[in-house]
Amino acid sequence: MVSKTLTIITTTNKMIRPYILAETNWKDVKDSNYDLAILPWGATEAHNFHLPYATDIIEADNIAYESAKIAWNNGAKIIVLPTIPFGVNTGQADIKLDMNLNPSTQSAILSDVIEVLQRANIFKLLILNSHGGNDFKSIIRELGLKFPKMFLSTCNWFQALDKNEFFEHQGDHADEMETSLLLHLSPHLVLPLEDAGEGNEKKHKIKEFSEGWAWSERKWSQISEDTGTGNPKFSTKEKGERYFKAVTVKISNFLISLSKANVNDLYE
Ligand SMILES: [Zn+2]
């Protein structure tokens, strides 16, 4: 089903996407009803030698906008909030200008955002997370008690698909996936791949930490020499484009389901 609402309002020289709060205007917003707010959440941190500090933000912006476009064109009443640019970087304190927000600060930000949404009669929120160090589950549990009218949810776009189907070398930071995405989304910000390190990741000597059931924060400067984990050398913009299309289609379906769902009737 395609909505009759135009995706992009075009008047002379204007290209305004009505589902992006930063682009739309009071004239439009004051009379619009939204079912769901999307809060993309990134990080500002070193990404090997070759990718920009804003890598997670660029990914969050573009994935949110494209997914929202598809969902909006299918009738979902959603509004994408501006991306929060800083994430949890407690494990990278000794990596220059990795911008850390503590989890307690994230919780305070979210609490304030939720109060704004409630005043606008928006009772569903999805945090579109773009950074592995961000973990919103325990925050959502606590804020869910404080704001019982709200449906709070989170997703990690980078876990939405099996990366093996798109990329030859796996990793989780400035890897082939992220480098390919940036070659597709912001090629002017990517240094030549010969400038990149190989993203070798040192494994834990205590094997239980590598088995997935025991956890301790990794001290990033000790596990990687170039801040990357995952070899980026086989990255291409074609791989990035293919992955971007697939991940935004998948997330758009999720946005449509969420925006239309009756939160009092979620289980079968
Ligand atoms: Zn990243």
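Sequence positions, counted from 1, serve as the residue numbers for this chain. Counting starts at 1 for both ligands and their atoms, in listed order.
- Within the coordination shell of the Zn ion (ligand 1), defined by N, O or S atoms under 2.8 Å, His47 is present.
- For Glu178, the N/O/S atom at the shortest distance from the Zn ion (ligand 1) is named OE2.
- Although no hydrogens or angles enter the test, the distance criterion places a donor-acceptor pair under 3.5 Å between the side chain of Trp220 and the main chain of Thr227.
- A salt bridge links Lys207 with Glu211: the closest approach of a Lys/Arg side-chain nitrogen to an acidic carboxylate oxygen falls below 4.0 angstrom.
- Asn100 and Thr90 share no side-chain donor-acceptor pair at under 3.5 Å.
- Looking at Asp56 and the Zn ion (ligand 1) together, the shortest N, O or S contact belongs to OD1.
- Side-chain contact check for Asn129 and Thr154: no donor-acceptor pair (N or O, by modelled atom type) lies under 3.5 Å.
- The Zn ion (ligand 1) has no N, O or S atom of Glu59 closer than 2.8 Å.
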